[in-house]
J.: 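I am attaching a structure below and will ask some questions about it afterwards.
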Amino acid sequence: MMNCDRAHELLDALLDGRLEETQSADVRAHVDGCAKCSGTLENLTMIRTSLRDPRLRFSAPDALRQKVEAMAAPRPKRMPFPWLPVAAAVVISAFTTYALMRPTTPAYEVALVDSAVSNHLRSMMAASHLLDLESSDGKSIKPWFQEKLKFAPPVVDLADRQYAMLGARLDVVGDDPAAAVVYARDNHTINLFCWLNDKGEEGPAGTRLVSRGNCNVVYWKSKEMTWCAVSDLNGAELTKFAQLLLERAD
Amino acid sequence: MSTNEASARERFSQVVLPHLDAAYNLARWTTKNEHDAEDVVQESCLRALRFIDSFRGNDSRAWVLSIVRNTCATWLGRNRTASAQPEELESASDDTNPEQIALRRVDIELLRKALEELPDEFREVIVLREIENLSYEEIAAVIGAPVGTVMSRLARGRRRLQERLIKTEAASR
């Protein structure tokens, strides 16, 4: 004869249909004669039925579904955001082809470019993803970084060279918390990431330009920081942008 | 567009898209916030697309949900302050066989609140078992724990829900 504690332990398995026939019969025999166990079983059954109420299951919102479907679809006919198919295509090509990078590129550089490109694309997917702080004033962005991160990179104003500063965002590149400053040039958005290079990796000598799908990436190292600019701006212009920053950041 | 990219997209459609509601439901219960849930699912889908070649099993739902769960964990680690998890001042004991009264009915809103307030490790197994109808083995695959752990968390989570609902019902009598 099954004792009460043992039967009680097996109520969940019984409820989930996980007991052998004989064991199930033993538990039921006990439950039939035990007010406490039959009470618990009734309660658990009622709770389980209620948990299956459709009001407790959340469905993916339409906007989310459209974004995810866009990742899968080669050429959707009508998109609420015309750049989405391009972004999706870039994500795929960025993630599946390493061929564009020189074979001598160290693995961690490949990884940082991957991570920066994926951040850039994600920042472009919705207005709310692009900026945490809207500001064209580097002097207000720098203390904001200082407050949120344990470092504050120089925030360089390039308005006189037709790079408008839109604002800033916190991001993560690889595993490192990164400052992101967002610039615009004509119709192109530039994400400039900057994070502490305290892991002792060697950086490229000078700036290095690589392409991933429709994105160009320029990265370089300064004394304490690694920098990475990502944009659909052409490679030459993006390199020039990087060089202006290098000149003025010191 | 190369064949590889096209086939990655196609696999993504077959493997990930059918589980979008399940992914969102898990993220929504875990982050307790619709905007965060959307962000987490979007990021999870990007990860799934990136690693689509590494999926070789036949349980795509468990694979997708495990990515969502990991993304939630990263996300919560990044965004949640230490005090955000409700303290469990009462009913810290896990007496699984207390004296009790029978529930007369279950109010869905009270149940929603009780489930929201469960500690993460209990809530996730209940959401996966009762709302998503996953088997013990599938849940074990999603949370990366043995089946025995799934069973004990499920039992403790259910007892806590019961205890909570009984208390509320007793208070309203």
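Every chain is numbered from 1 and lettered A, B, ... according to where its sequence line falls, protein lines coming before strand lines. This structure is a prediction, so every number in the text was calculated from the model and none was measured.
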J.: By a 4.5 Å heavy-atom criterion (distance strictly below it), what part of B/Asp39 contacts chain A: side chain, backbone, both, or neither?
T.: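 Both backbone and side chain.
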
J.: Which pair of non-hydrogen atoms, one from B/Leu17 and one from A/Ala72, has the smallest distance, and what is that distance?
T.: CD1-CB, 4.2 Å

J.: Mind checking the CZ-CD spacing from A/Arg65 to B/Glu38? Nearest 0.5 Å is all I need.
T.: 12.0 Å

J.: Given a strict heavy-atom distance threshold of 4.5 Å, which part of B/Ile126 is in contact with chain A: side chain, backbone, both, or neither?
T.: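 Just the side chain, heavy atoms under 4.5 Å.
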
J.: Okay, side chain of B/Asp21, backbone of A/Ser59: is any donor-acceptor separation there less than 3.5 Å?
T.: no

J.: Side chain, backbone, both or neither: which part of B/Glu10 has an atom under 4.5 Å from a heavy atom of chain A?
T.: neither

J.: Working to the nearest 0.5 Å, report the span between OG of A/Ser118 and CZ of B/Arg47.
T.: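 Result: 9.5 Å between the selected atoms.
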
J.: Is A/Asp62 atom CG crowded by more than 12 heavy atoms from other residues, nucleotides or ligands, each under 6.0 Å away?
T.: no

J.: Got B/Glu130 and A/Arg57 here, is their nearest side-chain heavy-atom distance under 4.5 Å?
T.: no

J.: Under 4.5 Å from any heavy atom of chain A, what part of B/Arg11 do you find: side chain, backbone, both or neither?
T.: neither

J.: According to ring-ring contact (aromatic ring centres under 6.0 Å, His included), does anything in residues 6-49 of chain B pair up with another residue at least two apart or in another chain? List the pairs.
T.: A/Phe58-B/Trp29

J.: Quick check for you: to the nearest 0.5 Å, what is the distance between A/Met125 atom CE and B/Glu43 atom CD?
T.: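 Output value for this atom pair is 11.0 Å.
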
J.: Could you please spell out the steps behind the side-chain contact (heavy atoms from CB on, under 4.5 Å) verdict for B/Arg9 and A/Met71?
T.: CA-CA 7 Å; B/Arg9 273 200 316 267; A/Met71 291 179 200; over 6 Å; no

J.: Quick one: which residues of residues 12-22 of chain A reach chain B at under 4.5 angstrom, heavy atoms only?
T.: A/Asp12, A/Ala13, A/Leu15, A/Asp16, A/Arg18

J.: To check you understand the geometry: which heavy-atom pair defines the closest contact between A/Ser50 and B/Leu111, and what is its length?
T.: CB-CD2, 3.5 Å

J.: Within the structure provided, determine whether A/Thr40 and B/Arg159 are in side-chain contact (heavy-atom separation under 4.5 Å).
T.: yes

J.: Is B/Glu109 salt-bridged to A/Arg55, cutoff N-O under 4.0 Å?
T.: no

J.: I want to check something: taking the side chain as every heavy atom from C-beta on, are B/Ile166 and A/Asn43 in contact at a cut-off of under 4.5 Å?
T.: yes

J.: Working to the nearest 0.5 angstrom, can you tell me the gap between B/Leu46 CG and A/Lys67 NZ?
T.: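 The distance works out to 11.0 Å.
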
J.: Is chain A contacted by the side chain of B/Leu20, its backbone, both, or neither, given a heavy-atom distance below 4.5 Å?
T.: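 Both backbone and side chain.
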
J.: Please flag which part of B/Ala22 lies under 4.5 Å from any non-hydrogen atom of chain A: side chain, backbone, both or neither.
T.: both

J.: Heavy-atom pairs under 4.5 Å with chain B: which of A/Leu56, A/Ile47, A/Val172 has the most?
T.: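 Of the candidates given, the most pairs with chain B belong to A/Leu56.
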
J.: So which part of B/Leu26 gets closer than 4.5 Å to some heavy atom of chain A, the side chain, the backbone, both or neither?
T.: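 When you check distances to chain A, no heavy atom of B/Leu26 falls under 4.5 Å.
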
J.: Could you work out, with ring-ring contact (aromatic ring centres under 6.0 Å, His included) as the rule, every residue matching A/Trp195, not counting sequence neighbours?
T.: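 Per chain and number, A/Trp195 pairs via ring-ring contact (aromatic ring centres under 6.0 Å, His included) with no residue.
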
J.: Mind running side-chain contact (heavy atoms from CB on, under 4.5 Å) on B/Arg158 and A/Leu11 for me, showing each step along the way?
T.: CA-CA 11 Å; B/Arg158 283 169 173 163; A/Leu11 290 178; over 6 Å; no

J.: With ring-ring contact (aromatic ring centres under 6.0 Å, His included) as the rule and sequence neighbours excluded, what pairs involving residues 123-148 of chain B come up?
T.: none

J.: Step through the shown structure and confirm whether more than 12 heavy atoms of other residues, nucleotides or ligands are within 6.0 Å of CD on A/Gln23.
T.: yes

J.: Rounded to the nearest 0.5 Å, how far apart are CD of B/Glu132 and CZ of A/Arg52?
T.: 11.0 Å

J.: When heavy-atom pairs shorter than 4.5 Å are enumerated against chain B, which of A/Ala60, A/Pro54, A/Ala63 gives the highest number?
T.: A/Ala60

J.: On a heavy-atom basis, which atom in B/Ile131 and which in A/Leu51 lie closest, and how many Å separate them?
T.: CG1-O, 3.6 Å

